[in-house]
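To keep things clear, I will list the structure first and then write my remarks on it.
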Protein chains: 2
Amino acid sequence: MRILLIEDDAVLGAAIRDHVAADGHGVDWLMRLDEARAAIDSVGYELVLLDLNLPDGRGLDLLKALRDEGKDMPVIILTAQDQVAVRIEGLNSGADDYLVKPFDLSEMSARLAAVARRYGNTPLPGIAIGDVTVDFGRKTVTRQGKPVTLTAREWAVVEKLVRNRGAVVGKDQIEDSLYAFGAEIESNAVEVYVSRLRKKLGREFITTARGLGYAVESRDG
Amino acid sequence: MRILLIEDDAVLGAAIRDHVAADGHGVDWLMRLDEARAAIDSVGYELVLLDLNLPDGRGLDLLKALRDEGKDMPVIILTAQDQVAVRIEGLNSGADDYLVKPFDLSEMSARLAAVARRYGNTPLPGIAIGDVTVDFGRKTVTRQGKPVTLTAREWAVVEKLVRNRGAVVGKDQIEDSLYAFGAEIESNAVEVYVSRLRKKLGREFITTARGLGYAVESRDG
DNA sequence: CCGAAGCTGACAGCAAGCTGAAGGGATTTT
DNA sequence: AAAATCCCTTCAGCTTGCTGTCAGCTTCGG
């Protein structure tokens, strides 16, 4: 697997590079965001290990930029800050996993393999459900070929439902994916988003299972 | 999948139990190590979620003991301490993964699925009984390949009967799973739901054991 | 053939869900 | 800085259809 490592700490960077290389991957190691940017555009990687604290900017900004452009290779965040807010922001920004420094190198190998495996299982170029198409990589939705713009929360609901298409998803589960653990909500916010999504994507896109939750059809396996 | 949750925090424990149950797993939730010890020996679980700080001892000691005895079910550690030493000790003690509190519940689901996949536990594809298929994870039921929509109560009855397929389940037991403890019912509600389910799933799906209760066939193990 | 147990159609009440509107916070534009 | 815009959350009133109950019927065992 071709991996890009973005890490400005020389000691840690070298250790990671050697360990990942020992696992049989090809590794390029860069220390600056702008270099990384160029390398991603020109080389193309299958996985990115991204430190968040870099001399020329925030790693999260790079991550967000990648996702905005539709680049959907797995990204694992490396961070010394282990506050929840940072991790959640990272995951919300499109990271697939994170490692809190300092971490065990063999642990990193496991995470790496897990993320890669997760991706191998879902190489989703875009999922068609009725006349609606959902693309996780690009975070885009179309209806009858026409693009539909969604807000962040709307997208979160769509993603949750479509990733579990064919299954009934409880309102509480949707809430959990909308608000990180602990952030209770005291209203019918989920119902409101379902309502808006139906207006945008068609009444039949989301079906109600009274007392159980919501579901979207599974137009494939 | 049959999962044992060992967690002494009541709020977090309940949240985890509900979320894991919503994913279609069977969950037993215990708060003490000695109870957990006994449950593992007598019941047998396919996966263990283990909090490290417990009132009656260190979770890691249980983990080490399990491994020493050759028990090799996957174990995921839950810990509030995110010092690397603890995590490493956990991994070295034979844990398969860990979650640092507080964590996002959907993240937990992903970890859980990843660990289970690594172990080769395929999430239940659905249980076939005659021409009816029941999928606990998705909360869906099909008959002759066609999806059947059930109401919340109907689903509760189906789940109760199918989880105990092959056995006769008393009406009072079904009631208990329909209405939380104590809520007595003063009618033949169970009969009514059985009737409705037979209309939807076929007369022979549920057989009557006069004077004893109801049962569904066990068409597999 | 009788009594008990179980079955099922009908229905009123009510809980669950839907949705338009409004206020406030955050971000962008002027 | 002010204004404008967008998005999120909440709320209230409305709609929907699930739920528990009952009554009358059927089935079963003896």
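By convention in this document, chain letters (A, B, ...) are assigned in the order of the sequence lines, proteins followed by strands, and residues within each chain are numbered from 1. Small disclaimer: the values here were computed from a predicted structure and weren't measured.
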Quiz item: Between B:Lys171 and C:dA5, is there a side-chain N or O to OP1/OP2 distance below 4.0 Å?
Solution: no
Self-check item: C:dC18 phosphate, OP1 or OP2, under 4.0 Å from A:Tyr193 side-chain N/O
Solution: no
Quiz item: Looking at A:Arg198, does any N or O in its side chain come under 4.0 Å of the phosphate oxygens OP1/OP2 on C:dC18?
Solution: yes
Quiz item: When the distance from CD of B:Glu175 to P of C:dG6 is rounded to whole Å, what number comes out?
Solution: 12 Å
Self-check item: Nearest-Å distance for atom pair CD/P, residues B:Glu191 and D:dG24
Solution: 17 Å
Quiz item: Within less than 4.0 Å of OP1 or OP2 of D:dT19, is there a side-chain N or O belonging to B:Arg196?
Solution: no
Quiz item: Any idea which of D:dC7, C:dG6, C:dT19 is nearest the A:Thr151 side chain?
Solution: D:dC7
Quiz item: Within this structure, what is the CD1-to-C1' distance between A:Ile206 and C:dT19, rounded to whole angstrom?
Solution: 14 Å
Quiz item: Can we say B:Glu154 and B:Lys200 salt-bridge, meaning some charged N sits less than 4.0 Å from an Asp/Glu carboxylate O?
Solution: yes
Self-check item: Between P of D:dC8 and CH2 of A:Trp155, the distance in whole Å
Solution: 14 Å
Quiz prompt | Distance test, side-chain N/O of A:Ser195 to OP1/OP2 of C:dT19, below 4.0 Å | solution = yes
Quiz item: Under a 4.0 Å N-O cut-off, is there an ion pair linking A:Glu7 with A:Arg17?
Solution: no
Quiz item: For B:Arg210 and C:dG3, is the shortest distance between a side-chain N/O and OP1 or OP2 below 4.0 Å?
Solution: no
Exercise. Rounded off to whole Å, could you give me the NZ-to-C1' distance for the A:Lys200 and C:dG20 pair?
Key: 16 Å
Quiz prompt | Distance in angstrom units between A:Lys64 NZ and C:dT27 P, rounded | solution = 10 Å
Self-check item: Whole-Å distance separating the CG atom of A:Asn188 from the C1' atom of D:dT15
Solution: 14 Å
Exercise. Just call it for A:Val194: base, sugar-phosphate, or nothing, with non-hydrogen atoms closer than 4.0 Å on any strand.
Key: nothing
Quiz item: Should A:Thr208 be listed as having a side-chain N or O under 4.0 Å from OP1 or OP2 of C:dA16?
Solution: no
Practice problem: Would you mind telling me which of A:Leu197, A:Val157, A:Thr140, A:Val134 makes a side chain to side chain contact (heavy atoms under 4.5 Å, CB included) with A:Leu150? | Solution: A:Leu197
Quiz item: How many Å lie between CG on A:Leu197 and P on C:dT19, as a whole number?
Solution: 11 Å
Quiz item: Counting just side-chain N and O atoms, does B:Tyr214 come under 4.0 Å of either OP1 or OP2 of C:dA5?
Solution: no
Practice problem: Remember a base hit wins even if backbone is also touched, and classify A:Arg153 as base, sugar-phosphate or nothing at under 4.0 Å, heavy atoms. | Solution: sugar-phosphate
Quiz item: Taking the side chain of A:Lys199 as its heavy atoms from C-beta onward, which of C:dG9, C:dG20, D:dC8 lies nearest to it?
Solution: C:dG20
Practice problem: Would you check if A:Arg198 and A:Phe205 make a side-chain contact, meaning some heavy-atom pair closer than 4.5 Å? | Solution: no
Exercise. Look at B:Lys171 together with B:Glu191 and state whether they make a salt bridge at an N to O cut-off of under 4.0 Å.
Key: yes
